[in-house]
Novice: 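Right, I'll just put the structure down here and ask away after.
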Amino acid sequence: MKYQSILLGAVLMTSLGACSKFLDEQPTAHQSTATYYVTSEDAVRAVTDAYRMLKDQAYGGYSPSSFGDIMADDANKGGGGASDQELIQQLKLFTAKSDNGYVYNAWRDNYKGVYLANLVLQKVPPIQMDDALKTRVLSEAKFLRAYYYLHLVRLFGRIPLIKQPIDDGNYNVPQSEEPEVLAAIEQDAREAIAGLPEKSRQAVSDRGRATKGAAQALLLEVYMWQKKWTQAQQIGDSIINSQQYVLAADVTKIWTLEGEFGPESIFELNYENIPGKNTGNLLNLFDAPRNTWGYGFVVPSQSLVNEFERGDPRFRATVISGNQLMPDGTTANTATSETGYWNRKYWLPVNQIPTNNGGGAGDGPTNDRIFGLAQVMLWTAEAAFHNGNVGHATDLVNQIRIRARNSGGNTDMTILPNRATVTLNDIYHEMRVETALGEHRRFYELVRTGRAASVLPNFKAGVNEHVPIPLNEIQLSGGVLIQNKGY
């Protein structure tokens, strides 16, 4: 695998700016790696750099929503027509080739993150600094490396597993098998758990940094991929019973600015609306209705609309319908939407749109929610079901449904009745309506649970579980990298 371009990109990208308060620090990756890593401040700045690739760069970089939402059945591409971001439509139709730019961006940006995390793990240990702070910095780096590798292995399958910065010119690293990559992610996540603070012990200024719960949630997801149901239920129950997280009272408020870092937030990216700084969330712009200030991408599909039960308050918190009265008093016009619906998760009321407040297109304020308690509870329910603990699974699902029933000012207590005994399909249903268009996991969940071929048109089992390895990476490797089957 050729890393010259990736390493150069990792250096250049740090000048793009920050996505949260703790990211508003001086970047370090442009400094000399031989002389910079000396003080505790250097160590903190180095791991801060490693967070930067978490920032959803929408359609100029790695685009989690293109893979997780559009490539699944939750959303259509949207935008200004078939030719607008045609490369995303190729993902949707499973016709993307190895030269698809979004495929390359996903590879490039996640490996940039791996490089920056590896740099921390190599350079920080010799620094003379407070032991507790050093442990936290190294644990954050292990969490981030595990997170980036999870994205890579889900998308590409067999990938190069690189655990230290390459500085000897040996850039062509053969691919490792998926079980080896997943085992490495497990190890990093477990070591991160041991060194990270609980949410309740994290300073407000550090919101957006990894905590013990974030690493536990990451480990839970890895267990789910490997069908390690016993371990998954154990770690899921540990998070649920940790007294660090509770379900928010109103699910419809979670995806508002007021709902950020709420009681069930386990890990989220902290975007700030700093007018003119161009460091906000681009999804606010790209997913906003075209007849407001946005580009109208990631439009809810009819399949997703049909998934919601009658009266479910989560529907109006996920989907904008035609002539819907919005919280800011405007009336939604969906005439130009590809499906007749707009995405609610990244919608902003008029008074929060950056361009109405002296800001620009790149100043979107909405945080990306990565891990939340509801998703953890539903993964735990799935694991419990496989373990034969159907009663526990049923209780977890019903807690989610009760919360939804009591949300959004609903007064009809006949909606979303409790399940007597859940089935796997009940759990899958709850996952979909609870997290759609926000956590960008639908495609991966369909693959993980073996349902993709029966749900997604044009999906070829044995091929489309993964996207192709980028063509230029294969060419640069001189044949070391082997293309995925079917591409």
Novice: So, the side chain of Asn76 versus the backbone of Gly78: is there a donor-acceptor pair under 3.5 Å, distance only?
Specialist: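 No.
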Novice: Can you tell me how far CD1 of Ile370 sits from CD of Gln375, rounded to the nearest 0.5 angstrom?
Specialist: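 Interatomic distance, Gln375 CD to Ile370 CD1, rounded to 0.5 Å: 12.0 Å.
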Novice: Run the salt bridge (charged side-chain N to carboxylate O under 4.0 Å, His left out) test on Lys77 and Glu338 for me, step by step, so that the C-alpha distance in whole Å, both residues' side-chain angles and the decisive distance to 0.1 Å come before the verdict.
Specialist: CA-CA 8 Å; Lys77 175 180 70 67; Glu338 179 184 345; 5.4 Å; no
Novice: Of all heavy-atom pairs between Leu91 and Ala96, which one has the smallest distance, and what is that distance?
Specialist: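 Result for this residue pair: CD2-CB, 3.8 Å.
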Novice: Quick one about His386 and Gln233 (side-chain donor to acceptor, distance below 3.5 Å, no hydrogens or angles considered), yes or no?
Specialist: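 Gln233 vs His386: no donor-acceptor pair found between side chains.
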Novice: Do Leu87 and Ser66 have side chains that approach each other closer than 4.5 Å (heavy atoms only, starting at C-beta)?
Specialist: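 No, too far: nothing below the 4.5 Å cut-off.
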Novice: Keeping Asn284 on the side-chain end and Ile353 on the backbone end, is there a donor-acceptor pair under 3.5 Å?
Specialist: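 No, because the side chain of Asn284 does not come within donor-acceptor range (under 3.5 Å) of the backbone of Ile353.
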Novice: Quick check: does any side chain N or O of Glu86 sit under 3.5 Å from a backbone N or O of Ala82, one acting as donor and the other as acceptor?
Specialist: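 Not a single qualifying donor-acceptor pair exists.
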Novice: Just how far is it from atom CH2 of Trp347 to atom OG1 of Thr256, taken to the nearest 0.5 Å?
Specialist: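 Between atom CH2 of Trp347 and atom OG1 of Thr256 there are 10.5 Å.
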Novice: Once rounded to the nearest 0.5 Å, what's the spacing between atom CD1 of Ile320 and atom CG of Asn333?
Specialist: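 Here the rounded value is 11.5 Å.
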Novice: Between Asp328 and Thr330, does any side-chain donor sit less than 3.5 Å from a side-chain acceptor?
Specialist: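 Short answer, yes.
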Novice: For Asp312, is there an ion pair with Arg314 - N to carboxylate O distance below 4.0 angstrom?
Specialist: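 Salt bridge between Arg314 and Asp312, a charged N being under 4.0 Å from a carboxylate O: yes.
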Novice: Any non-hydrogen side-chain atom of Val467 less than 4.5 Å from a side-chain atom of Trp107?
Specialist: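 No, too far: nothing below the 4.5 Å cut-off.
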Novice: Given 3.5 Å as the limit, does a donor-acceptor pair link the side chain of Asn410 with the main chain of Asp412, or not?
Specialist: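 Answer holds: yes.
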Novice: Which heavy atom of Leu161 sits nearest to which heavy atom of Ala184, and what is that distance?
Specialist: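 For Leu161 and Ala184, the tightest heavy-atom pair comes out as CD2-CB, 3.8 Å.
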Novice: Give me the atom names and distance for the closest heavy-atom approach of Ala189 to Leu219.
Specialist: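 For Ala189 versus Leu219, the nearest heavy atoms are CB-CB, 4.0 Å.
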Novice: Less than 4.5 Å apart, any side-chain heavy atom of Tyr149 and any of Ile159?
Specialist: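 Yes, their side chains come closer than 4.5 Å.
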Novice: Donor-acceptor check, side chain of Asp395 to backbone of Gly391, threshold 3.5 angstrom: yes or no?
Specialist: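 Side chain of Asp395 to backbone of Gly391: no pair is present.
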Novice: Under the 3.5 angstrom rule, does the side chain of Asn343 hit a backbone N or O of Asp287 as a donor-acceptor pair?
Specialist: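 No, Asn343 side chain to Asp287 backbone: no donor-acceptor pair under 3.5 Å.
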Novice: Determine whether more than 12 heavy atoms belonging to other residues, nucleotides or ligands lie under 6.0 Å from atom CD of Gln243.
Specialist: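 Counting other residues, nucleotides and ligands, CD of Gln243 stays at 12 neighbours or fewer.
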Novice: State plainly whether the residues Glu191 and Arg145 are in salt-bridge range, i.e. N to O under 4.0 Å.
Specialist: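 No.
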Novice: Determine whether the aromatic ring centres of residues Phe67 and His151 are separated by less than 6.0 angstrom.
Specialist: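 That pair fails the under 6.0 Å test.
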Novice: Within the side chain of Asn387, is there an N or O that forms a donor-acceptor pair under 3.5 Å with the backbone of Trp229?
Specialist: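 Yes; judged by distance alone, with no hydrogens or angles, the pair exists.
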Novice: Nearest 0.5 Å please: distance from the CD1 atom of Ile266 over to the CD atom of Gln244.
Specialist: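 The distance works out to 10.5 Å.
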Novice: Applying side chain to side chain contact (heavy atoms under 4.5 Å, CB included) to Val433 and Thr318, what does each step give before you reach the verdict?
Specialist: CA-CA 8 Å; Val433 297; Thr318 306; over 6 Å; no
Novice: If we ignore angles and hydrogens, is there a donor and acceptor under 3.5 Å between the side chains of Arg405 and Asn418?
Specialist: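 Judged by distance alone, the side chains do pair up.
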Novice: Assess whether atom CZ of Phe459 is packed by more than 12 heavy atoms of other residues, nucleotides or ligands within 6.0 Å.
Specialist: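 It does: Phe459 CZ has more than 12 such atoms within range.
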Novice: Side chain to side chain contact (heavy atoms under 4.5 Å, CB included), that's the test. Do Met53 and Lys112 meet it? Break it down for me.
Specialist: CA-CA 7 Å; Met53 294 317 301; Lys112 285 180 185 177; 3.9 Å; yes
Novice: Once you round to the nearest 0.5 Å, how far does CG of Asp74 lie from CZ of Arg441?
Specialist: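 Asp74 atom CG to Arg441 atom CZ measures 13.0 Å (nearest 0.5 Å).
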Novice: Could you tell me whether Glu258 and Lys253 make a salt bridge, using a distance below 4.0 angstrom between a side-chain N and a carboxylate O?
Specialist: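 No, no charged N to carboxylate O under 4.0 Å.
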Novice: Hydrogens and angles aside, do Arg432 and Ser303 bring a side-chain donor and acceptor to less than 3.5 Å of each other?
Specialist: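 Yes, Ser303 and Arg432 have a side-chain donor paired with an acceptor closer than 3.5 Å.
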Novice: Are Gln89 and Gln85 linked by a side-chain donor-acceptor pair shorter than 3.5 Å?
Specialist: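 Looking only at side-chain atoms, Gln85 and Gln89 do not form any donor-acceptor pair under 3.5 Å.
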Novice: Spell out, as yes or no, whether a donor-acceptor pair under 3.5 Å connects the side chain of Thr334 to the backbone of Tyr341.
Specialist: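 Side chain of Thr334 to backbone of Tyr341: no pair is present.
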Novice: Checking Glu186 against Gln226: is there a side-chain donor and acceptor pair closer than 3.5 Å?
Specialist: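 Per modelled atom types, Gln226 and Glu186 side chains form a pair under 3.5 Å.
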Novice: So Phe267 and Phe143, would you call those rings parallel, tilted or perpendicular, with 30° and 60° as cut-offs?
Specialist: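 Perpendicular, since the angle between the ring planes exceeds 60°.
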Novice: Any carboxylate oxygen within less than 4.0 angstrom of a Lys/Arg side-chain nitrogen, looking at Glu178 and Arg158?
Specialist: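 Looking at Arg158 together with Glu178, the answer is no, because their closest N to O distance does not fall below 4.0 Å.
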Novice: Side chains of Trp379 and Glu221, heavy atoms from C-beta outward: is any pair under 4.5 Å?
Specialist: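 They are in side-chain contact.
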Novice: Determine, for Glu309 against Arg419, whether the closest basic-nitrogen to carboxylate-oxygen distance falls under 4.0 angstrom.
Specialist: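 Salt bridge between Glu309 and Arg419, a charged N being under 4.0 Å from a carboxylate O: yes.
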Novice: Any sub-3.5 Å donor-acceptor pair from His440's side-chain atoms to Gly438's backbone N or O?
Specialist: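 Such a contact is found between His440 side chain and Gly438 backbone.
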Novice: For residues Leu373 and Pro263, determine if any side-chain heavy atom of one lies less than 4.5 Å from a side-chain heavy atom of the other.
Specialist: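 Side chain of Leu373 against side chain of Pro263, heavy atoms only: no contact under 4.5 Å found.
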Novice: Among Glu434, Glu439, Glu260, which residue satisfies the salt bridge (charged side-chain N to carboxylate O under 4.0 Å, His left out) criterion with Arg369?
Specialist: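 Of the listed residues Glu434, Glu439, Glu260, the salt bridge (charged side-chain N to carboxylate O under 4.0 Å, His left out) partner of Arg369 is Glu260.
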Novice: Determine whether Glu445 and Thr435 satisfy the following criterion, side chain to side chain contact (heavy atoms under 4.5 Å, CB included), listing intermediate values before the conclusion.
Specialist: CA-CA 11 Å; Glu445 290 294 283; Thr435 66; over 6 Å; no
Novice: Side chains of Gln90 and Tyr102: is there a donor and an acceptor less than 3.5 Å apart?
Specialist: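 No donor-acceptor contact under 3.5 Å links the two side chains.
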Novice: Is the shortest side-chain heavy-atom distance between Val422 and Glu430 below 4.5 Å?
Specialist: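 When only atoms from C-beta onward are counted, Glu430 and Val422 do not touch, as no gap falls below 4.5 Å.
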Novice: Would you say CG of Asn306 has more than 12 non-hydrogen atoms from neighbouring residues, nucleotides or ligands within 6.0 angstrom?
Specialist: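 Counting other residues, nucleotides and ligands, CG of Asn306 exceeds 12 neighbours.
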Novice: Are Tyr62 and Tyr104 close enough, and set up right, to give a side chain to side chain contact (heavy atoms under 4.5 Å, CB included), and what steps lead you there?
Specialist: CA-CA 8 Å; Tyr62 173 41; Tyr104 172 71; over 6 Å; no
Novice: Does any non-hydrogen side-chain atom of Ile254 lie less than 4.5 Å from one of Glu264?
Specialist: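 Yes, close enough: below the 4.5 Å cut-off.
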Novice: Looking at Tyr223 and Gly236, would you say the former's side chain and the latter's main chain have a donor-acceptor pair under 3.5 Å?
Specialist: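 No: the side chain of Tyr223 does not pair with the backbone of Gly236.
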Novice: Are the side chains of Asp73 and Leu304 in touch, meaning some heavy atoms are under 4.5 Å apart?
Specialist: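 No, too far: nothing below the 4.5 Å cut-off.
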Novice: Using 0.5 Å steps for rounding, measure from the CZ atom of Phe443 to the CE atom of Met71.
Specialist: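 The CZ atom of Phe443 sits 3.5 Å away from the CE atom of Met71.
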